[in-house]
Colleague: 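Encoded as structure tokens, here's the structure I'll be asking about.
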Amino acid sequence: MPEHHAAEPAAETTTGPAPGPATEPAAESAPLAFLELLARGAPAEEYERPGRPDGSPAADRARLLALRVRSELEGRRRREAELTALFATAHDLAGVRELDDVLRAIVQRARSLLGTEVAYMTINDPEAGDTYMRVTEGSVSAHFQQLRLGMGEGLGGLVAQTARPYVTDDYMRDERFLHTRNIDSGVGDEGLVAILGVPLMLGREVIGVLFAADRRPRVFDREQVALLASFAAHAAVAIDTARLLAETREAMAELEAANAIIRDRSAAIERSSEVHDRLTELVLRGGGVDDVAAAVSEVLDGDVEFAQLPEGGGSTPARAVERSRRDGHAVRDGDAWVAAVSAGGELLGALVLRGHRELDPTDQRTLERAAMVTSLLLLARRSAGEAEQRVRGELLDDLLDAADRDPRLLRERAARLGADLDVPHVVLAARLDTDGGTGRRETTDRQRLWSAASHLAATRRGLAAAREGGTVLLLPLAGGEGTGEHGVPGDPGGTARQVAAQLGAAVHASVTVGASPPVPAPAADPAAVAAACDEARRCLDTLRLLGRFGEGAGAGDLGFLGLLLADGRDVEGFVHRILGPLLEYDERRGTDLVGTLEAYFASGSSPARTKDVLHVHVNTVAQRLERVGRLLGSDWQCPERALEVQLALRLYRMSAAVAR
């Protein structure tokens, strides 16, 4: 070439500047210009702009070399960025960050380095047999973020199934994949077009897929596929590391829990052994229920008390006691634990532990064992006391059957039993409301009732005896000397109701109880005890005939029937119970409501005829009857009440006539 330019000097002279001097400076300036572009990192388009040195082979060659150098530099910068990102990801893994944070960082870096608009990761679900979205970056569609892909469905499902990377520059038009409405709608909502997916591998197992995607057509080259695969490898390592760490932590937690259980069990066994030794010692040396409660309180570090009759008031919850008796285990009731003390189906009481809202199984069994020992002690004490109960029964039999007994001897025998027969008592006749029957069942029922009644009589300083298929009790009334804190209410009917409830709870069956009038001093007048027993039996039989099973009552609670049943025929008391409010009102106000009531019944309960008898207006009769209703109660005209009221009116007039 240079020779070709020197052979034509004359032609160039006539038409313009000579070629040699004109082109040589341009050829020399071309490398410099391209070096300037390389130095400032100009885009490839500037190498082709008009005005750049060109036209000569040297300039073209310089431009091509510059572009090659630029491409090499770009590749090196890209590889440096990729290595930096991979090193950062490895650093994240070495730092043992949270798994979600590591996976999110991997997806973010993959999106940044590949320059895609969206990157995301799915994880396989072996139980469901599909793969689900775990992490997304750049996604805006909620539907897309919640997608689940079946194995072999869509690009991701195919990658998860085949363990090979797949790429498409236009997903919707690519027929290589199994399109489903769910996947296509999710991809469509996100607006994705070009998608690259690589598998997450653990050994030969695919655990998920890592994706990079654009919302426009794009071709992913091999380097980009390899880069995304590198990130996928890191993600798989992160997942496996997290799984191993989780398994390690779980194993450590299980070991710690096992050690804690072993320590607790060892301590519990020691406590249980201590309780067993102490309870055994208590039984051998004849300790009582309070000693058992104290020992268990010390071992369980709480406050244990024995409640004898939870249904009698007290602080022991009756429902919890019944549940414990039925289940055979200690039960929690609020901040307390309750263990029923029972034997042979009979509830003897309960051990109540306070101060422990939670109780481990070993301590719970300790409380249950203490309840069992308590029941054994009570049974032993009962066996020792059965002789005393028989003596009590014999004393009551003598009072009922031998009216000529020496009062002094009766008092001495009663004193040895802790009873005082010189204070007012009430006689109670009790019967178990069972279906009857013969043989062993009936005998057992009677024995249970007698045992419960004897126990109740002993605790209340009274007497009890089995009589004629039932049980008879002689209990002191409140207010008499010697009744102490266990004295019963002074009302015989109230006493009968209370005893019916207590005996029914003790034997877990319905018990009906009839009461006598008060017996002032049984030792001084044994015949009065026998008469009172007869009246108590009549009350009991009447209650059963009326179908009032499981109740307790005295003659005073049975209305006119009680008047007929009572030996004393307390007419004045009956009249006062029925008409007392009317009599008091007439006396205070100077009215005659009693006379109005007599005229009303005599007129066939007709207000119109009553006003003629009384010579008043019918409205006056209505007002007086309304006042009667307020004083006697709204049910005073019911058949049963009306009969009692009429009988009381007759007896009142008869008593008044006799008094005159």
Side-chain angles (χ1 to χ4, degrees), residues 257 260-261 263-283 287-382 452 455-456 458-460 484-486 498-499 501-509:
I261 292 174
R263 289 193 299 270
D264 292 343
R265 290 292 174 82
S266 177
I269 290 173
E270 292 180 2
R271 290 198 307 273
S272 179
S273 176
E274 179 185 355
V275 170
H276 182 270
D277 293 342
R278 297 190 62 174
L279 294 180
T280 302
E281 180 185 357
L282 283 175
V283 173
V289 174
D290 293 337
D291 296 324
V292 174
V296 179
S297 297
E298 184 177 346
V299 173
L300 297 183
D301 192 22
D303 182 17
V304 178
E305 64 175 351
F306 173 70
Q308 189 169 12
L309 291 173
E311 292 83 2
S315 59
T316 305
R319 291 184 179 178
V321 175
E322 176 59 27
R323 193 166 73 251
S324 175
R325 184 194 66 81
R326 184 180 63 250
D327 298 341
H329 297 289
V331 298
R332 195 176 75 179
D333 186 77
D335 293 332
W337 282 83
V338 178
V341 177
S342 60
E346 179 185 353
L347 182 63
L348 304 177
L351 286 184
V352 182
L353 169 64
R354 306 186 190 280
H356 281 277
R357 185 169 182 82
E358 299 296 335
L359 204 62
D360 63 50
T362 302
D363 289 342
Q364 184 176 342
R365 285 193 294 272
T366 296
L367 182 62
E368 294 166 359
R369 185 179 295 113
M372 184 182 301
V373 171
T374 301
S375 67
L376 293 176
L377 289 176
L378 291 175
L379 287 177
R381 189 173 67 182
R382 174 178 292 183
H455 179 70
L456 178 62
T459 59
R460 296 192 173 180
E485 63 178 357
H486 296 296
Q498 185 184 50
V499 170
Q502 292 175 341
L503 292 180
V507 300
H508 304 290

Colleague: Please name the pair of heavy atoms, one in Ser324 and one in His329, separated by the smallest distance, quoted to 0.1 Å.
Modeller: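 Here Ser324 and His329 meet closest at OG-O, 2.7 Å.
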
Colleague: Begin from the C-alpha positions of His508 and Glu322 and carry the test side-chain contact (heavy atoms from CB on, under 4.5 Å) through to its verdict.
Modeller: CA-CA 10 Å; His508 304 290; Glu322 176 59 27; 4.1 Å; yes

Colleague: Which atom names give the shortest non-hydrogen contact between Gly349 and Val321, and what distance separates them?
Modeller: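 The pair with the smallest heavy-atom distance is O-CG1, 4.2 Å.
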
Colleague: For the side chain of Thr459 and the backbone of Leu456, is there at least one donor-acceptor N/O pair under 3.5 Å apart?
Modeller: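 It does hold such a pair.
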
Colleague: Nearest 0.5 Å please: distance from the CG atom of Leu503 over to the NE2 atom of His455.
Modeller: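 It comes to 10.5 Å.
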
